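Naming convention: chains lettered A, B, ... in sequence-line order (proteins, then strands); numbering from 1 in each chain. What you are looking at is a predicted structure, and each value in this text was computed from that prediction instead of being measured.
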There are 2 protein chains.
Amino acid sequence: MGDVARLAGVSAQTVSRVSNGFPGVTEETRRQVLAAMRELDYRPNSAARALRRGEFRTLGVITFSLSTLGNIRTLDAIATSAAREGYAVTLLPVAVPTQDEVHGAFSRLGELAVDGVIVIMEVHLLDAATVSLPPGMQVVVADSDAGDRYTVVDTDQAGGARDAVRHLLGLGHRTVWHLGGPEESFAAQRRANAWRATLDEAGLLAPPLVRGDWSAESGYRAGLRLAEQPDCTAVFAANDQMALGLLRALDERGRKVPDDVSVVGFDDIPESASFLPPLTTVHQDFAEVGRLCVEGVLSKMRQDVAGYGTTLVPTRLVRRRSTAPPPAGR
Amino acid sequence: MGDVARLAGVSAQTVSRVSNGFPGVTEETRRQVLAAMRELDYRPNSAARALRRGEFRTLGVITFSLSTLGNIRTLDAIATSAAREGYAVTLLPVAVPTQDEVHGAFSRLGELAVDGVIVIMEVHLLDAATVSLPPGMQVVVADSDAGDRYTVVDTDQAGGARDAVRHLLGLGHRTVWHLGGPEESFAAQRRANAWRATLDEAGLLAPPLVRGDWSAESGYRAGLRLAEQPDCTAVFAANDQMALGLLRALDERGRKVPDDVSVVGFDDIPESASFLPPLTTVHQDFAEVGRLCVEGVLSKMRQDVAGYGTTLVPTRLVRRRSTAPPPAGR
DNA sequence: TCAGTGAATGTTTACGTAAACATTCACTGA
DNA sequence: TCAGTGAATGTTTACGTAAACATTCACTGA
């Protein structure tokens with residue numbers, strides 16, 4: 001910075017002013033400084049900046065190693081939104097999803113060059129963790145139900161599930177079966193609960209819940225069982241992969257989709273438009289979740305709020321060819 | 001640090017020594033300092049450290065927004081390996097894959113708190129970019145063929161394709177068809193070239209190349225055409241998604257896999273073991289690619305080497321039920 | 001004419017750390 | 001006994017920046 005100042009014939013402080021876009025610098029001075037910067041290939045030292053300013057302009061993202069598609073797309077959106085706000089994103093991977101590991105990630109936080117944190121993870125692990133956050137470190141959690149202890153941004157799982165079930169009921173189906181996700185998953189729980197609640201509201205009895213583990217293979221196995229139920233004309237699958245397996249099982253058993261059975265998925269993964277038949281599904285806006293996470297931490301940082309609560313991102317039902325009215329006479 | 005020193009009754013320098021694990025501190029002094037650190041919840045300021053040391057202990061990863069599964073798993077491995085080496089990972093997303101964007105990412109690098117860079121991206125975009133890297137900034141590129149200009153770590157695409165083709169020839173097939181990836185992709189190019197070369201070596205004529213765009217849907221469409229070729233008994237698909245579409249097309253057309261047609265994929269995505277039938281495919285070791293990227297930048301940083309060259313990560317053929325000898329009489 | 005004003009620019013200083021050098025002090029061995 | 005040695009610890013200083021305060025100087029208006 002001193003070299004630039006010398007070459008431009010000004011003081012270092014003026015270089016700093018130009019470098020930070022502060023007002024009160026003559027157009028001509030500014031041009032000379034910029035020229036000197038280019039000449040010397042000057043780049044501000046971010047360590048010194050951070051030290052002086054007391055902030056790093058960096059957000060940390062704690063994730064249980066990039067596992068699900070949703071997490072990844074949320075992370076992508078976080079990185080993009082953060083960049084737009086002039087923040088960098090540092091990854092804090094947690095290899096094994098244990099209390100200790102999560103706890104460790106949180107305590108390493110203090111030494112890391114990070115101003116705020118976004119956690120993308122099933123939140124079970126945050127429960128008992130006696131997390132000692134560095135003072136002033138703000139946290140936002142994506143995709144969890146810890147709204148009573150953290151600021152949470154989540155997809156409106158319940159709303160999406162409700163839309164899926166209502167869509168099928170609206171087509172005239174007597175009831176809707178559910179191919180649910182694993183018991184431990186909060187997202188799966190909420191989708192299943194909303195499915196049951198929506199049937200209740202309509203005065204309908206929920207058929208027995210069939211569970212998978214999110215994988216296409218588990219959807220296929222569950223599908224073989226569902227295909228044996230003659231009165232099953234509509235299935236809401238808790239994600240698209242399981243719906244894919246279900247489609248294949250129904251096809252193998254000679255039950256046509258959507259003529260005999262209607263199927264709705266959840267997620268709207270890119271492939272779902274190419275399934276046979278193209279899948280009606282609940283679109284999740286991961287980009288918006290990521291954006292709101294960034295917005296959330298930044299505003300908490302700026303106002304230094306300690307609050308909590310949940311922001312829900314609405315879903316959108318995408319109607320494709322896998323749903324239709326039930327076969328005549330049912 | 002001063003507070004800790006006062007509380008422990010030592011100098012700040014001794015605190016620094018304990019904090020960095022330097023030798024020459026009595027066990028008793030060390031214990032007192034550690035106690036004082038805990039008491040005051042002291043955490044070293046990473047900005048000041050970076051300023052003083054002249055390094056950030058951070059690697060930057062430039063990716064064209066987290067698109068493909070391979071990129072994501074590579075990124076995951078990079079983050080994990082970096083953490084093991086005491087390095088953090090900062091994400092530098094490039095929203096649009098244009099020269100300008102990539103160039104921009106590279107020049108922002110100078111201001112970023114980053115000691116080295118890993119690029120995960122098709123490398124077309126690096127070609128013409130007049131990249132002005134900050135002095136001393138080392139770069140490693142994953143998954144590209146720019147070995148003459150950068151240090152590159154890549155999966156052994158050619159070796160994997162060769163193994164796939166040889167496996168099919170070894171089973172007795174007269175020739176092997178190829179369902180290739182998009183023309184612009186370097187990975188697709190290398191897989192297709194190796195397919196052709198392996199047939200050449202065996203003195204066989206390569207059937208016409210059928211192209212998809214990596215998606216299952218494109219594999220399905222290509223599969224419908226391949227199903228019309230009565231002499232097609234073995235297909236090597238350039239990725240597992242296209243193989244999935246291919247399987248479905250063959251099934252629809254009544255051609256049994258593996259009885260009538262053998263199919264090999266590439267990637268070994270988790271689902272491929274659950275395809276119908278389970279898919280023989282080429283396993284890519286993304287974790288190893290990521291690890292080698294980190295190792296590569298770090299060693300270049302330490303020795304300040306300016307060299308380039310390519311490190312290939314071997315693949316492994318995973319034999320499942322989608323491949324078998326050709327039907328009798330063929 | 002000249003005190004007063006305010007924009008443009010300069011000078012001093014501290015952010016928290018660790019390298020380089022300095023000092024202390026117990027112990028060794030002639 | 002005491003110079004010599006080396007481990008343990010302390011003091012001084014600089015890393016590059018930007019906030020706080022200081023100075024310069026052209027211009028205004030009574």
Side-chain angles (χ1 to χ4, degrees), chain A residues 1-37 40-58 86 88 108-115 134-137, chain B residues 1-37 40-58 86 88 108-115 134-137:
Chain A
M1 199 161 91
D3 297 341
V4 174
R6 215 164 305 123
L7 182 61
V10 297
S11 72
Q13 186 59 33
T14 298
V15 174
S16 168
R17 279 190 265 259
V18 171
S19 157
N20 288 291
F22 285 170
V25 180
T26 311
E27 193 46 41
E28 202 197 321
T29 312
R30 150 172 271 106
R31 272 209 320 280
Q32 280 176 8
V33 171
L34 289 175
M37 283 177 167
L40 297 175
D41 197 20
Y42 165 80
R43 317 185 189 234
N45 177 308
S46 56
R49 275 200 165 162
L51 178 58
R52 189 65 254 241
R53 287 174 175 161
E55 59 168 28
F56 302 96
R57 298 274 165 93
T58 297
R108 259 177 288 142
L109 231 50
E111 317 185 13
L112 274 166
V114 149
D115 304 309
M137 181 73 75
Chain B
M1 200 161 92
D3 297 341
V4 174
R6 215 163 304 123
L7 182 60
V10 298
S11 72
Q13 186 58 33
T14 298
V15 175
S16 168
R17 279 191 263 259
V18 171
S19 157
N20 289 290
F22 285 169
V25 179
T26 310
E27 193 45 42
E28 200 196 321
T29 313
R30 150 171 272 104
R31 271 210 321 279
Q32 281 176 9
V33 171
L34 288 175
M37 282 178 168
L40 297 174
D41 198 18
Y42 165 79
R43 316 184 191 238
N45 177 307
S46 57
R49 275 200 166 163
L51 177 59
R52 189 63 253 240
R53 287 176 174 159
E55 59 167 27
F56 302 98
R57 299 275 164 94
T58 298
R108 259 176 289 140
L109 230 50
E111 318 186 12
L112 273 167
V114 149
D115 305 308
M137 180 74 75

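Of all heavy-atom pairs between Ala5(B) and Ser11(B), the closest is CB-C, 3.6 Å.
The distance between atom CG of Leu51(B) and atom C1' of dA14(C), rounded to the nearest whole Å, is 12 Å. In this structure, Arg53(B) places its CZ atom 14 Å from P of dA20(C), rounding to the nearest Å. In this structure, the CD atom of Glu27(A) is 11 Å from the P atom of dT9(C), given to the nearest Å. Taking atom CZ of residue Arg57(A) and atom P of nucleotide dT17(D), one finds them 15 Å apart after rounding to whole Å. When rounded to the nearest whole Å, the span between CG of Asp3(A) and C1' of dT17(D) equals 14 Å. Regarding Glu55(A), its CD atom lies at a distance of 10 Å from the P atom of dA19(D), rounded to whole Å. As rounded to whole Å, 16 Å separates atom P of dT13(D) from atom CE of Met1(B). In this structure, Phe22(A) atom CZ and dC21(D) atom C1' are separated by 16 Å, rounded to whole Å.
Of the residues near DNA chain D, Ala48(B) and Arg17(B), the one whose nearest nucleotide (by heavy atom distance) lies more toward the 5' end is Arg17(B). Nearest-nucleotide positions on DNA chain D place Arg30(B) closer to the 5' end than the other of Gly2(A) and Arg30(B).
Between Val4(A) and Met1(A) there is no side-chain heavy-atom pair separated by less than 4.5 Å. Put simply, the side chain of Arg53(B) reaches to within 4.5 Å of the side chain of Asn20(B), judged on heavy atoms. Residues Met137(A) and Val114(A) meet the side-chain proximity criterion, which asks for heavy atoms closer than 4.5 Å. Between Arg49(A) and Ser19(A), the closest side-chain pair of non-hydrogen atoms falls below 4.5 Å. Annotation: side chain of Met37(B) is in contact with side chain of Val15(B) (closest heavy-atom distance under 4.5 Å).
With both pairing distances under 3.5 Å, dC25(C) is matched to dG6(D) as a Watson-Crick or G-U wobble pair. The partner of dG16(C) is dC15(D), by the rule that a Watson-Crick or G-U pair needs both atom distances under 3.5 Å. Across every strand in view, dA30(C) sits in a pair with dT1(D) that passes the Watson-Crick or G-U test at under 3.5 angstrom.
Out of dA19(D), dA18(C), dT11(D), the shortest distance to the side chain of Asn20(B) is found at dA18(C). Residue Val25(B) has its side chain nearest to dT9(D) when only dT9(D), dA18(D), dT9(C) are considered. Among the nucleotides dT17(D), dG10(C), dT9(C), the one closest to the side chain of Arg49(A) is dT17(D).
Within 4.0 Å (heavy atoms only), Thr29(B) reaches sugar-phosphate atoms of the nucleic acid but no base atom.
In terms of polar N and O atoms assigned as donor or acceptor, the side chain of Arg52(B) never comes within less than 3.5 Å of the base of dG16(D) in a complementary pairing. Looking at Arg43(B), its side chain has no donor and acceptor atom pair within 3.5 Å of the base of dG16(C).
Note on Asn45(A): every side-chain N or O is 4.0 Å or more away from OP1 and OP2 of dC15(D). Taking side-chain N and O atoms only, Thr26(B) has no distance below 4.0 Å to OP1 or OP2 of dA7(D). Contact annotation: Thr14(B) side-chain N/O to dG10(D) OP1/OP2 distance is under 4.0 Å. Of the side-chain N and O atoms in Ser16(B), none sit less than 4.0 angstrom from OP1 or OP2 of dA19(C).
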